[in-house]
K.L.:
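Provided herewith is a single structure, encoded as structure tokens, for subsequent inquiry.
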Amino acid sequence: NAGVTQTPKFQVLKTGQSMTLQCAQDMNHNSMYWYRQDPGMGLRLIYYSASEGTTDKGEVPNGYNVSRLNKREFSLRLESAAPSQTSVYFCASSEGGNYGYTFGSGTRLTVV
Amino acid sequence: SQQGEEDPQALSIQEGENATMNCSYKTSINNLQWYRQNSGRGLVHLILIRSNEREKHSGRLRVTLDTSKKSSSLLITASRAADTASYFCATDEGGRRALTFGSGTRLQVQP
């Protein structure tokens with residue numbers, strides 16, 4: 001099925017551990033995004049990539065790094081996880097500009 | 001404060017009734033979008049309205065945009081239990097190249 005695929009779906013980390021969240025889309029979209037959603041709240045933008053080869057910081061980039069590996073894939077890395085990074089992480093893609101986003105199903109991350 | 005704030009935060013109605021949610025934003029936009037999120041799932045795009053449009057329809061959804069008041073409303077007509085979800089508005093305020101989301105309206109439709 002066409003769409004945005006995120007892996008893993010669930011992850012528990014210990015404080016200080018590192019991990020990479022993977023995201024891939026098969027819709028040939030130019031733009032990709034990483035958001036986090038905390039309980040009862042909306043989404044906050046971590047990083048985005050408007051096109052292959054570019055990445056930009058969003059509202060809450062501290063503690064994260066990203067890589068736009070190619071047009072399909074956009075990964076999010078936590079170098080040293082902290083309990084404050086416990087959240088649900090969503091990847092999305094779009095054609096950019098005046099187009100809607102297609103979201104993945106999310107990664108539920110718990111940092112203990 | 002967050003951009004794209006929805007009102008009310010929570011809404012409970014009976015099946016068959018209409019549900020109206022509102023969204024306000026602070027600066028100029030190119031477009032405003034509405035999304036639905038079922039519990040434990042990702043967001044699903046519902047409708048996009050451009051800044052030069054005033055009203056848009058999609059099935060049982062009706063969206064209005066008033067740029068002079070910097071506000072939008074989402075109307076769901078003849079609601080169904082399956083419409084139970086959280087609804088978010090999102091904007092590209094300030095020329096940002098990524099959407100900013102509000103905190104959402106939780107809609108409960110009682111069968």
Side-chain angles (χ1 to χ4, degrees), chain A residues 1-7 9-10 21 23 25 27 29-51 54-61 66 68 74 76 87-108, chain B residues 1-10 21 23-25 28-53 56 58 61 63 65 74 85-108:
Chain A
N1 293 333
V4 177
T5 302
Q6 290 185 238
T7 55
K9 293 191 183 304
F10 300 93
L21 282 65
C23 176
Q25 52 94 4
M27 296 167 287
H29 285 167
N30 289 317
S31 303
M32 298 185 74
Y33 314 85
W34 277 105
Y35 288 87
R36 61 177 285 175
Q37 184 177 34
D38 298 308
M41 296 181 66
L43 278 67
R44 290 186 292 169
L45 181 68
I46 305 171
Y47 271 93
Y48 68 99
S49 172
S51 61
T54 69
T55 60
D56 288 285
K57 294 179 181 179
E59 182 186 354
V60 288
V66 290
R68 183 75 183 266
F74 188 38
L76 177 72
S87 189
V88 181
Y89 291 84
F90 288 102
C91 177
S93 71
S94 79
E95 295 201 27
N98 285 323
Y99 295 91
Y101 288 13
T102 300
F103 279 84
S105 58
T107 295
R108 282 152 183 77
Chain B
S1 62
Q2 282 202 35
Q3 313 293 346
E5 289 296 328
E6 291 90 343
D7 170 59
Q9 291 187 345
M21 288 158 265
C23 170
S24 62
Y25 58 93
S28 63
I29 62 171
N30 291 313
N31 68 72
L32 185 145
Q33 304 183 28
W34 285 91
Y35 289 79
R36 184 187 74 234
Q37 184 180 36
N38 291 90
S39 181
R41 309 291 293 273
L43 279 73
V44 175
H45 180 252
L46 295 176
I47 198 164
L48 180 153
I49 186 165
R50 292 181 169 77
S51 59
N52 61 352
E53 298 175 311
K56 204 162 183 179
S58 177
L61 306 181
V63 170
L65 178 65
L74 170 66
S86 292
Y87 292 82
F88 295 90
C89 72
T91 66
D92 59 353
E93 280 191 78
R96 296 192 182 102
R97 293 192 294 169
L99 293 176
T100 300
F101 287 79
S103 52
T105 293
R106 295 186 306 281
L107 173 65
Q108 177 76 41

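Not measured: the values here are computed from a predicted model.
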K.L.:
Using non-hydrogen atoms and a 4.5 Å limit, figure out which bit of L48(B) sits close to chain A: side chain, backbone, both or neither.
P.N.:
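Just its side chain gets close to chain A.
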
K.L.:
Identify the heavy atoms of G42(B) and F90(A) that sit nearest to each other, and give their distance.
P.N.:
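The pair with the smallest heavy-atom distance is CA-CE2, 3.4 Å.
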
K.L.:
Tell me whether R108(A) contacts the main-chain N or O of G40(B) through its side chain, where contact means a donor paired with an acceptor under 3.5 Å.
P.N.:
yes

K.L.:
Hey, what do you get for OH (Y101(A)) to CG (L99(B)), rounding to the nearest 0.5 Å?
P.N.:
3.5 Å

K.L.:
With a 4.5 angstrom heavy-atom cut-off, is it the side chain or the backbone of Q37(A) that approaches chain B, or both, or neither?
P.N.:
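Only the side chain of Q37(A) comes within 4.5 Å of chain B.
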
K.L.:
Counting only heavy atoms closer than 4.5 Å, note whether Q9(B) contacts chain A via side chain, backbone, both or neither.
P.N.:
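For Q9(B), neither part sits under 4.5 Å from chain A.
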
K.L.:
How long is the span from the NE2 atom in H45(B) to the CZ atom in F103(A), to the nearest 0.5 Å?
P.N.:
10.0 Å

K.L.:
Flag yes if more than 12 heavy atoms outside R68(A) fall under 6.0 Å of its CZ atom; otherwise flag no.
P.N.:
yes

K.L.:
Measure across G42(A) and F88(B) and return the closest heavy-atom pair with its distance rounded to 0.1 Å.
P.N.:
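That closest heavy-atom pairing would be CA-CE2, 3.6 Å.
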
K.L.:
Counting only heavy atoms closer than 4.5 Å, note whether R97(B) contacts chain A via side chain, backbone, both or neither.
P.N.:
both

K.L.:
Rounded at 0.5 Å granularity, tell me how far OG in S103(B) sits from CG in D38(A).
P.N.:
12.5 Å

K.L.:
Which value, rounded to the nearest 0.5 Å, describes the distance between Q33(B) atom CD and Y99(A) atom OH?
P.N.:
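Going from CD on Q33(B) over to OH on Y99(A), the span is 12.0 Å.
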
K.L.:
Could you tell me which portion of Y35(A) (side chain, backbone, both or neither) has an atom closer than 4.5 angstrom to a non-hydrogen atom of chain B?
P.N.:
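Just the side chain, heavy atoms under 4.5 Å.
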
